[in-house]
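See below for the structure under consideration.
Naming convention: chains lettered A, B, ... in sequence-line order (proteins, then strands); numbering from 1 in each chain.
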Amino acid sequence: GENVEQHPSTLSVQEGDSAVIKCTYSDSASNYFPWYKQELGKRPQLIIDIRSNVGEKKDQRIAVTLNKTAKHFSLHITETQPEDSAVYFCAASLYSSASKIIFGSGTRLSIRP
Amino acid sequence: SAVISQKPSRDICQRGTSLTIQCQVDSQVTMMFWYRQQPGQSLTLIATANQGSEATYESGFVIDKFPISRPNLTFSTLTVSNMSPEDSSIYLCSVEGQGVYTGELFFGEGSRLTVL
């Protein structure tokens, strides 16, 4: 079955700097890679996703890149702000198979003022 | 999108007791998912609740410990039976979005259980 590894487990960056979180997956059949953000005490929420027919996707300050050959994908946050502090989870699945989604272990991102 | 209500939001339970968590969705959905999030950990799927059939459990989770009901297309319950301190976790109900939201999981607020 699918296995998703996520690094680092914790990340602290200065406000205004960039943050990068990396994930690898094992099942080459996976074709959908969402990222969820979970603020302290809140529910996880999707912030960006990418499908395997695309190499990069950007939404304002966040972007995700996908390397299918190497089976890894990354989340990039630029110009970090205090509200970016949260736990971020990557995930992999077959598109439209939410029952098969596998989450990474999470990255706790802290933004230093 | 989907709006999901879960209750209780939190509870403190005694060892050996059982607690039922309720999940209500604002639209009809085929599958509802139950996740467990242990302190500081990731999201682990417990089971998928299908209306009109038995729930499908993931490896490591059994029906006797986590019985699930799915009486209609907008409601489900998860019971945590014969609780021990190791069951202290956040339990989250989730559904997949439809239409343009296909693939996206929407979560309830979670039920934080502490077992003493």
Side-chain angles (χ1 to χ4, degrees), chain A residues 1-11 21 23-25 30-54 57 59 64 66 73 86-110, chain B residues 1-7 9-10 21 23 25 29-51 53 55-61 68 70 76 89-112:
Chain A
E2 177 65 277
N3 182 51
V4 178
E5 295 192 358
Q6 184 172 348
H7 301 279
S9 57
T10 61
L11 180 61
I21 303 170
C23 290
T24 61
Y25 62 99
S30 291
N31 58 8
Y32 178 62
F33 306 92
W35 287 85
Y36 286 81
K37 175 183 180 182
Q38 187 176 30
E39 297 178 12
L40 188 63
K42 302 289 182 63
R43 73 191 80 189
Q45 291 188 296
L46 181 76
I47 55 170
I48 195 168
D49 57 12
I50 191 168
R51 300 177 200 175
S52 61
N53 58 345
V54 176
K57 183 176 179 180
D59 183 3
V64 57
L66 170 65
F73 56 112
V87 178
Y88 292 81
F89 294 99
C90 65
S93 76
L94 290 174
Y95 184 63
S96 297
S97 296
S99 62
K100 301 300 181 186
I101 192 169
I102 302 297
F103 287 91
S105 53
T107 296
R108 182 173 298 279
L109 175 63
S110 301
Chain B
S1 64
V3 177
I4 303 172
S5 301
Q6 237 184 281
K7 56 181 180 182
S9 58
R10 60 179 64 232
I21 302 166
C23 179
V25 188
V29 293
T30 305
M31 294 186 290
M32 295 176 73
F33 307 105
W34 287 99
Y35 282 87
R36 182 176 74 182
Q37 187 174 29
Q38 294 178 302
Q41 301 296 311
S42 186
L43 301 157
T44 301
L45 182 64
I46 298 171
T48 302
N50 306 292
Q51 198 273 332
S53 64
T56 304
Y57 289 82
E58 298 300 308
S59 177
F61 299 96
I68 286 171
R70 183 78 200 275
S76 178
S89 285
I90 299 173
Y91 293 85
L92 294 144
C93 173
S94 175
V95 302
E96 181 180 3
Q98 300 174 41
V100 296
Y101 299 102
T102 298
E104 178 176 355
L105 287 178
F106 293 88
F107 291 89
E109 312 97 319
S111 299
R112 181 184 295 271

Side chain, backbone, both or neither: which part of [X] has a non-hydrogen atom closer than 4.5 Å to chain A?
| X | result |
| --- | --- |
| Leu45(B) | side chain |
| Tyr35(B) | side chain |
| Phe107(B) | both |
| Glu104(B) | both |

Inset, instruction - Not counting sequence neighbours, which residues clear salt bridge (Lys or Arg N to Asp or Glu O under 4.0 Å) with Lys57(A)? List them please. - result: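 Checked Lys57(A) against salt bridge (Lys or Arg N to Asp or Glu O under 4.0 Å); matches are Asp49(A).
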Legend entry - Donor-acceptor pair between Gln6(A) and Thr107(A) side chains, under 3.5 angstrom: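 A donor-acceptor contact under 3.5 Å links the two side chains.
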Legend entry - Sub-4.5 Å side-chain heavy-atom contact between Phe103(A) and Gln37(B):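 Not touching, per the 4.5 Å side-chain cut-off.
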Legend entry - Toward chain B, the part of Pro34(A) with a non-hydrogen atom under 4.5 Å: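 Pro34(A) has no heavy atom closer than 4.5 Å to chain B.
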Inset, instruction - Under 4.5 Å heavy-atom distance to chain B, tell me which part of Gln38(A) shows up: side chain, backbone, both or neither. - result: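 For Gln38(A), the contact with chain B is made by the side chain alone.
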Inset, instruction - Could you have a look at Ala91(A), Gly104(A), Gly106(A) and say which one has the most heavy-atom pairs with chain B under 4.5 angstrom? - result: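 Answer, by heavy-atom pair count under 4.5 Å with chain B: Gly104(A).
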Legend entry - With Phe33(A) via ring-ring contact (aromatic ring centres under 6.0 Å, His included) - residues at least two apart: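 Result, ring-ring contact (aromatic ring centres under 6.0 Å, His included) vs Phe33(A): Tyr25(A), Phe73(A).
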Inset, instruction - Determine the option with the most heavy-atom pairs under 4.5 angstrom with chain A, choosing from Thr48(B), Thr44(B), Leu105(B). - result: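 Answer, by heavy-atom pair count under 4.5 Å with chain A: Leu105(B).
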Legend entry - Rounded distance [0.5 Å steps], SG in Cys23(A) versus CG in Leu66(A):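 It is 11.5 Å, given to the nearest 0.5 Å.
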Inset, instruction - Heavy atoms only: give me the nearest Glu2(A)-Val4(A) pair and the separation to one decimal. - result: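 So the minimum-distance heavy-atom pair works out to CG-CG2, 4.1 Å.
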